[in-house]
Amino acid sequence: MPVASDIADIGSDAPPDAAALPVNEVFYSLQGEGTLAGTPSVFVRISGCNLRCWFCDSYHTSWEPTGAWLSIDEIVDEVASFEAAEHVVLTGGEPMMYEESVGLLDELAEQGYHTTVETNGTIYRDAQIDLASISPKLTSSTPTAERDPKGEGEWAERHEQRRIDVDALADLVDAYESQLKFVVTGVDDMPEIEDVVEQVRAAAETTVSNDEVLLMPEGMTREALDARRNAVAELAMEYGYRYTPRLHVDLWNDAPGT
Ligand SMILES: C[S@@+](CC[C@H](N)C(=O)[O-])C[C@H]1O[C@@H](n2cnc3c(N)ncnc32)[C@H](O)[C@@H]1O
Ligand SMILES: Nc1nc2[nH]cc(C(=O)O)c2c(=O)[nH]1
Ligand code: SF4
Ligand SMILES: [Mg+2]
């Protein structure tokens, strides 16, 4: 189980005896990001995170985690209630913090679902993952005092220490079909993206091609994306990386459960 302080606010309920995960929400939508954008998918959002990006669009899994402990069977039943879905996206928070995510992925694979895991890439686990959607976090994600959505920068140092683990990134890339999906706030992020990609290439046994490196504009709302998406699209062309939209934000803005 994770470090207790990372999920301390989920509630006073102790996790049940059966294998269980703290679930923030389960919903049916279109995959909005990455190479599978547009694919109907059930999203299972786990609560609790080992990082604190200032821009986190899932505030109630990281900064103020909420959710309920559900057994793996309960989660799988909820997923199955969306009968048209063939894809499941396990996200968070940080789903790879929990050993129980491996059991959930086993069960989903057993039931024939395609599984994507959205992860910050700081923790490797051996699991039934069809697509590892890895989003390494850059300096520009660090919650400095000026950008902290909750406090006064208390998380900045821990976030900075934890946000990149090249060995974990290389293990993920070697084990799974994967994409490296960087949140881009502006041109200043590009040297660091190139550096992280080079470090992963050097540490991994498999090749990481440029079309597995994705640039995604930072922005939780249509308005924020309107201000940034064209600049990021042009950076993708300039550097030869792939651009990914945030289709769900274009379609539904910041509505809950999308
Ligand atoms: C909420 S995170 C959960 C999974 C994992 N913790 C991670 O960061 O990859 C899901 C995805 O949303 C991205 N994301 C979070 N906040 C964002 C924002 N304000 N703008 C763009 N992407 C964002 C993350 O980088 C990640 O790719
Ligand atoms: N539609 C939709 N697509 C997504 N792809 C990754 C998401 C996430 O929060 O991990 C996400 C999300 O929250 N909604
Ligand atoms: S790693 Fe993911 S869930 Fe955690 S704070 Fe950053 S964007 Fe949010
Ligand atoms: Mg999201």
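For ligands, and for the atoms within them, numbers begin at 1 and follow the listed sequence. Everything quoted here is computed from the prediction, not taken from an experiment. Values reported hereafter were calculated over all heavy atoms of this structure, with side chains retained and with hydrogens, waters and symmetry mates removed.
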Subject >> Identity and separation of the nearest protein heavy atom to atom 13 (C) of ligand 1 >> reply: Met216 CE, 3.9 Å
Original post:
Looking only at heavy atoms of Leu30, does any of them come nearer than 4.0 Å to an atom of ligand 2?
Top reply: yes
Original post:
Salt bridge or not for Lys181 and Glu118, using N-O below 4.0 Å?
Top reply: yes
Original post:
Which protein heavy atom lies closest to atom 6 (N) of ligand 1, and at what distance to 0.1 Å?
Top reply: Gly93 O, 2.8 Å
Original post:
Using a distance-only test with no angle check, is there a side-chain donor-acceptor pair under 3.5 angstrom linking Thr185 and Glu218?
Top reply: no
Subject >> N/O separation below 3.5 Å, Arg45 to ligand 2 >> reply: yes
**OP:** Check each atom of ligand 2 against the heavy atoms of Gly32 and keep those under 4.0 Å away; list them by number with element.
**Re:** 1 (N), 2 (C), 3 (N), 4 (C)
Original post:
Taking distance alone, with no angle check, do Phe27 and ligand 2 share an N/O pair under 3.5 Å?
Top reply: no
Subject >> Contact check: Cys49 to atom 4 (Fe) of ligand 3, N/O/S below 2.8 Å >> reply: yes
**OP:** For atom 2 (S) of ligand 1, find the nearest protein heavy atom and state the residue, atom name and distance (0.1 Å precision).
**Re:** Gly92 O, 4.3 Å
**OP:** Check whether any heavy atom of Pro95 sits under 4.0 Å from an atom of ligand 1.
**Re:** no
**OP:** Go through ligand 3 atom by atom and flag the ones less than 4.0 Å from a non-hydrogen atom of Asn120.
**Re:** 1 (S)
**OP:** Run down the list Thr119, Leu225, Thr244 and name the one with the heavy atom closest to atom 9 (O) of ligand 1.
**Re:** Thr119
Subject >> Shortest protein contact, atom 20 (N) of ligand 1 (heavy atom only) >> reply: Gly219 N, 2.9 Å
**OP:** Provide the number and element of each atom of ligand 1 under 4.0 Å from a heavy atom of Ser58.
**Re:** 1 (C)
**OP:** Report the residue from Val88, Leu70, Val44, Leu108 that forms a side-chain contact (heavy atoms from CB on, under 4.5 Å) with Val76.
**Re:** Leu108
Subject >> Heavy-atom nearest neighbour in the protein, as seen from atom 5 (S) of ligand 3, with distance rounded to 0.1 Å >> reply: Cys53 N, 3.2 Å
Original post:
What part of Asp57, side chain, backbone, both or neither, has a heavy atom within less than 4.0 angstrom of ligand 2?
Top reply: neither
Original post:
Given that the side chain starts at C-beta and the backbone is N, CA, C, O, which of these parts of Asp57 lies under 4.0 Å from ligand 1, counting heavy atoms, or is it both or neither?
Top reply: both
Subject >> Region of Ser62 that comes within reach of ligand 3 [heavy atoms, distance under 4.0 Å] >> reply: side chain
Subject >> Atoms in ligand 1 flagged as close to Glu118, the criterion being non-hydrogen separation under 4.0 Å >> reply: 4 (C), 5 (C)
Original post:
At what distance is the nearest protein heavy atom to atom 11 (C) of ligand 1, and which residue and atom is it?
Top reply: Glu33 OE1, 3.8 Å
Original post:
In terms of residue, atom name and distance, what is the protein heavy atom nearest to atom 10 (C) of ligand 1?
Top reply: Thr91 OG1, 4.0 Å
Subject >> Numbering as shown, the atoms of ligand 1 that approach Lys181 to under 4.0 Å (heavy-atom distance) >> reply: 27 (O)
**OP:** Mark up the atoms of ligand 1 that fall under 4.0 Å of a heavy atom belonging to Pro217, in ascending order.
**Re:** 21 (C)
**OP:** Could you check which of Glu218, Met220, Arg246 puts a non-hydrogen atom nearest to atom 22 (N) of ligand 1?
**Re:** Arg246
**OP:** Mark yes when over 12 heavy atoms from residues, nucleotides or ligands other than Glu194 sit less than 6.0 Å from its CD; otherwise mark no.
**Re:** yes
Subject >> Contact atoms of ligand 1, heavy-atom distance to Glu94 under 4.0 Å >> reply: 5 (C), 6 (N)
**OP:** Could you tell me the residue and atom name of the protein heavy atom closest to atom 8 (O) of ligand 1, and the distance to it rounded to 0.1 Å?
**Re:** Lys137 NZ, 2.8 Å
**OP:** Could you tell me the residue and atom name of the protein heavy atom closest to atom 25 (O) of ligand 1, and the distance to it rounded to 0.1 Å?
**Re:** Ser135 OG, 2.8 Å
Original post:
Thr258 heavy atoms, cut-off 4.0 Å: which ligand 2 atoms fall inside?
Top reply: 1 (N), 2 (C), 14 (N)
